[in-house]
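What follows is a single structure, written as structure tokens, with notes after it.
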Amino acid sequence: MSTQTAHDTRPAARAASGDVLHVTGLTVEYGTDGDPVRACTDVTFTLRRGEILGVAGESGSGKSTLITALTRLQRPPAATTAGSIVFHPRDGGPAVDLVTASPRTLRALRWTSLSIVLQSAMDALNPVMRLGAQFADVLRTHDRTLDRKAAWARAAELLTTVGISGDRVRSYPHELSGGMRQRAGIALALACGPELVVMDEPTTAVDVVMQRQILAQVLRLRRTLGFAVVFVTHDLSLLLELADRIAIMYAGRIVELGTAQELYDAPRHPYTRGLRDSFPPLRAPLWRLTGIPGTPPDLRRPPSGCPFHPRCPQRFAGCDTHLPVLGEAGGAHLVACRLDDGDAAATGTERTTDGGDR
């Protein structure tokens, strides 16, 4: 299936009014003996109800740090040092800033409003507890009226929603295949009907066929239950088929944010273009893939100016001194690149075909 075809058939986001999450100026640092390392810097975005927001980028771009901050699961030495993460409940209750929320407030929100599917979902399940016991633990913690028998019955129903036979509630995780454990992790995240589910590369360790099955389940459940998703992966091609909008991260910053169609048809940032062009289409003439030269920057000593300029094939004078900010590139499409600043680009030096200045 080509990416374009996938867009033609990808289910539309559930039409729900309002926003579920507002992230503004989020900065996360890792304290060290010397200067703290900024893993996320000034991250800002809005997540709509029923929307799938993809987050893509190379390893070390800040993706996992971002989602542990969103769910307040980061551990020392990581700390959120600036910004806000405002959650808006579906029932119209008061908004909650997750950055400053108390542990008691967070405990009430977790599972029922916010949940997470961890990066190693196959290993996130407790190996010495049967599946049903793990589901029952979550369900009965947040619904004191639920007895053990009803909780196990509900666990069987949840497993069925992700394509696992209900009688597997008595199985231990090691008795399931990798794909089944991944799907069980997703079912567990949906146990209490959350409004927002964060998924950290939940299909990384499974084969392509199982990956397709898991993603189809996510889309079907999203369409039925109406939850929003933040889906983190290094695979941009995957998000082009799955996500409604995509945020591209580099060196801890969002460098481009737009719809999946916009990022596929006309990416505005050279880094996004490099990610898009680094995977082959299934239906097209063969051509040589070039990839992105160099490696991501060391966040302990980030480059001056635009963090991507040492690897950028379109850099020009000033890219090494001026840090571009995320701004409009047409409609809701946002990009942080001086190529979209006509005045800045006009004053730059002429660019060579290999990206050097002359």
Find the distance between [atom1] ([X]) and [atom2] ([Y]) and round it off to the nearest 0.5 Å.
X: E195; Y: D91; atom1: CD; atom2: CG; answer: 7.0 Å
X: L242; Y: I52; atom1: CG; atom2: CD1; answer: 4.5 Å
X: T27; Y: R253; atom1: OG1; atom2: CZ; answer: 8.0 Å
X: I85; Y: L114; atom1: CD1; atom2: CG; answer: 10.0 Å
X: Q134; Y: M129; atom1: CD; atom2: CE; answer: 5.0 Å
X: R104; Y: L106; atom1: CZ; atom2: CG; answer: 12.5 Å

Kindly work out whether a path of hydrophobic side-chain contacts (I/L/V/M/F/W/Y, heavy atoms less than 4.5 Å apart) joins [X] to [Y].
X: L21; Y: L334; result: yes
X: L98; Y: V23; result: yes
X: V86; Y: L53; result: no
X: L158; Y: L221; result: yes
X: I248; Y: L323; result: no

Checklist entry - With F135, which residues qualify under ring pair (Phe, Tyr, Trp, His ring centres under 6.0 Å), at least two apart? => result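 Checked F135 against ring pair (Phe, Tyr, Trp, His ring centres under 6.0 Å); zero matches.
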Between [X] and [Y], which heavy-atom pair has the shortest distance, and what is it?
X: C40; Y: G62; value: SG-O, 3.4 Å
X: P324; Y: C337; value: CB-N, 3.7 Å
X: L263; Y: E256; value: CD1-OE2, 4.1 Å
X: P267; Y: R276; value: CD-NH1, 3.3 Å
X: V55; Y: L239; value: N-CD1, 3.7 Å
X: L47; Y: A228; value: CD2-CB, 3.8 Å

For [X], give me all partners under side-chain hydrogen bond (donor to acceptor under 3.5 Å, both in side chains), at least two apart in sequence or on another chain.
X: T259; value: E262
X: R268; value: D340
X: T24; value: none

Measure the shortest side-chain to side-chain distance between [X] and [Y] over non-hydrogen atoms and say whether it is less than 4.5 angstrom.
X: T80; Y: L26; result: yes
X: V255; Y: V335; result: no
X: C306; Y: R338; result: no
X: R154; Y: L139; result: yes
X: F231; Y: P202; result: yes
X: Q314; Y: R273; result: yes
X: P307; Y: P302; result: no
X: Y250; Y: T272; result: no

Hydrogens and angles aside, do [X] and [Y] bring a side-chain donor and acceptor to less than 3.5 Å of each other?
X: T65; Y: Q74; answer: no
X: E328; Y: H333; answer: no
X: T145; Y: D143; answer: yes

Under-4.0 Å salt bridge between [X] and [Y]:
X: R301; Y: D35; result: no
X: E58; Y: R311; result: yes
X: R212; Y: E241; result: yes
X: K149; Y: D147; result: no

Mark yes or no for whether [X], through its side chain, and [Y], through its backbone, hold a donor-acceptor pair below 3.5 Å.
X: D200; Y: V232; value: no
X: R130; Y: Y172; value: no
X: D298; Y: R300; value: yes
X: R72; Y: A101; value: yes
X: R140; Y: L146; value: yes
X: K63; Y: T233; value: no
X: H269; Y: A336; value: yes
X: S165; Y: R168; value: no
X: H309; Y: S304; value: yes

Checklist entry - How would you list all residue pairs meeting ring-ring contact (aromatic ring centres under 6.0 Å, His included) that involve residues 25-45, not counting sequence neighbours? => result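 Matches after skipping sequence neighbours: none remain.
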Item to check | Test log, rule side chain to side chain contact (heavy atoms under 4.5 Å, CB included), inputs V230 and L196 | outcome: CA-CA 8 Å; V230 177; L196 170 61; 4.1 Å; yes
Checklist entry - Given L275 and I292, is the side chain to side chain contact (heavy atoms under 4.5 Å, CB included) satisfied, shown in steps? => result CA-CA 8 Å; L275 292 177; I292 303 173; 4.0 Å; yes
Next on the checklist: Quick one, V169 with L159, criterion side chain to side chain contact (heavy atoms under 4.5 Å, CB included). Give me CA distance, side-chain angles, the key distance, then yes/no.
Outcome noted: CA-CA 8 Å; V169 291; L159 290 177; 3.6 Å; yes
Checklist entry - Going through the checks in order, is the side chain to side chain contact (heavy atoms under 4.5 Å, CB included) test met by M199 and L118? => result CA-CA 6 Å; M199 298 186 176; L118 296 171; over 6 Å; no
Item to check | Identified side chain to side chain contact (heavy atoms under 4.5 Å, CB included) counterpart of V198 within the set L66, I67, V117 | outcome: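 Of the listed options, the one satisfying the test is I67.
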Could you list the donor-acceptor pairs under 3.5 angstrom formed between side-chain atoms of residues 183-192 and any protein atom two or more places apart in sequence or on another chain?
residue: R183; atom: NE; partner: G179; partner atom: O; Å: 3.4
residue: R183; atom: NH1; partner: V162; partner atom: O; Å: 3.3
residue: R183; atom: NH1; partner: G163; partner atom: O; Å: 3.4

